[in-house]
Amino acid sequence: MTPLATAVSGPRARLFACFLRLGTQQAGPLRLHTGASLAAKNYYEVLVLGGGSGGITMAARMKRRVGAENVAVVEPSERHFYQPIWTLVGAGAKQLSSSGRPTASVIPSGVEWIKARVIELNPDKNCIHTDNGKEISYKYLIIALGIQLDYEKIKGLPEGFEHPKIGSNYSVKTVEKTWKALQDFKEGNAVFTFPNTPVKCAGAPQKIMYLSEAYFRKTGKRSKANIIFNTSLGAIFGVKKYAAALQEIIQERDLTVNYKQNLIEVRADRQEAVFENLDKPGETQVISYEMLHVTPPMSPPDVLKTSPVADAAGWVDVDKETLQHKKYPNVFGIGDCTNLPTSKTAAAVAAQSGILDRTISLVMKNQTPTKKYDGYTSCPLVTGYNRVILAEFDYNAQPLETFPFDQSKERLSMYLMKADLMPFLYWNMMLRGYWGGPAILRKLFHLGMS
């Protein structure tokens, strides 16, 4: 596949160039982490569970707080992925290879990488156990274990992905299948789903719908495509301002949206998807498809569900303003595995990381955390191959926008930020602990407007 390349000039390009210069000034050269040291320890001042976006970001910040030799990251995976770009991979606008790097290359230099899986947390004894039989103790614990994909909760999956015409942008194993299904589409229903569970990047299930519609138009297949978005939710988006903008796009592009419809079965050999009507439990509908994009049910990682650190639903139970655990004061949570009542996105993790860094620094000094997380999160709603609505909002589902213009409008500049600037910020600033979200930019822009 050939990724889309777009060149622009003028004020917008200069704005992005300014951001890029800021990044290169603050980010040092990348140093490869060579793996476990010869003298692996069983105690660390700061132990980080998870080597995803939240875990690596906090490891970098904690290295500066207590020194690299006092920090360890527990993570079994050999590769680290920038998952937000998979929306564009599934639509053929980016290569999958651009989304991943060796885990060894993102672990902060000098920080211990414990290549194992956590199987038990024992916060009463300040220790955890791994699948290779080790017990590791800590003074402070940061839980960043992400969210679990539960494809198997849909009858017929994941084995259904062995058949053509079906894909999912949520897994490295299935995202390219989305692009293949899109290219192979001939005529019929293109169906997109949203499950009846919390999910990460809640905008992604509809982003691929807009991109698919644009691809059908570009390839002359639009008149042969019936595009259906079946969502378990009762609204297209949780923030009214952006929901209104999306509803306009849905009407203009003749897209069918069915609410309170939950995918419960895929009959991939017959190209059929079975949905349950959540308003009438037990009532089902079978839809034949020419293309199916599945957003899987998701849940807290199994290791957390029965852990003392979890709430009743299985999520890490943290204070929503400080990210400190509600019961264990030396335990903290960040990102998708927590019960923070905000949308689970990489942008939210960036904002949380700055708050959590400050929280831990004060706890280490026996002081009360003062900096408060407002729930900031962001969802760049990709509505075409060169357009994005940049949704930014807080705990109260109120817009919390960075730029001094109406972000509910589709813009090329916001697409370029999604496709090119944000990956740069992620690899070069966020994972190195230098990007805590756009709050400072928001202040600068709004000061400039006042």
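Reckoned from all heavy atoms, side chains included, excluding hydrogens, waters and symmetry mates.
Using cut-offs of 30° and 60° on the angle between ring planes, the pair Tyr170 and His293 is tilted. Taking the six-membered ring where tryptophan is involved, the planes of Phe393 and Tyr242 are tilted, since the angle between them lies from 30° to 60°. Using the six-membered ring where Trp is involved, Phe216 and Phe185 have ring planes that are tilted, between 30° and 60° apart.
Taking the six-membered ring for Trp and the full ring otherwise, Tyr385 and Tyr415 have centroids separated by 6.0 Å or more. Between Tyr215 and Trp179, a ring centre-to-centre spacing shorter than 6.0 Å is recorded.
By the salt bridge (charged side-chain N to carboxylate O under 4.0 Å, His left out) test, Lys221 is found to be paired with no residue, residues two or more places apart in sequence or in another chain being considered. For Pro76, the side chain to side chain contact (heavy atoms under 4.5 Å, CB included) test picks out Arg117, with sequence neighbours left out.
For Glu276 and Lys260, the salt-bridge test fails: no basic side-chain N is under 4.0 Å from an acidic carboxylate O. For the pair Arg253 and Glu410, the salt-bridge criterion is met [side-chain N within less than 4.0 Å of a carboxylate O]. Ion pairing between Arg267 and Glu272 holds under the 4.0 Å rule for side-chain N and carboxylate O. Using a cut-off of 4.0 Å between Lys/Arg side-chain N and Asp/Glu carboxylate O, Glu290 and Lys186 are scored as not salt-bridged. A salt bridge is absent between Lys344 and Asp336; no separation between the charged side-chain nitrogens and carboxylate oxygens falls under 4.0 Å.
Note that Arg411 lies outside the cation-pi zone of Phe403, set by a 6.0 Å cut-off to the ring centre and a 45° limit from the axis.
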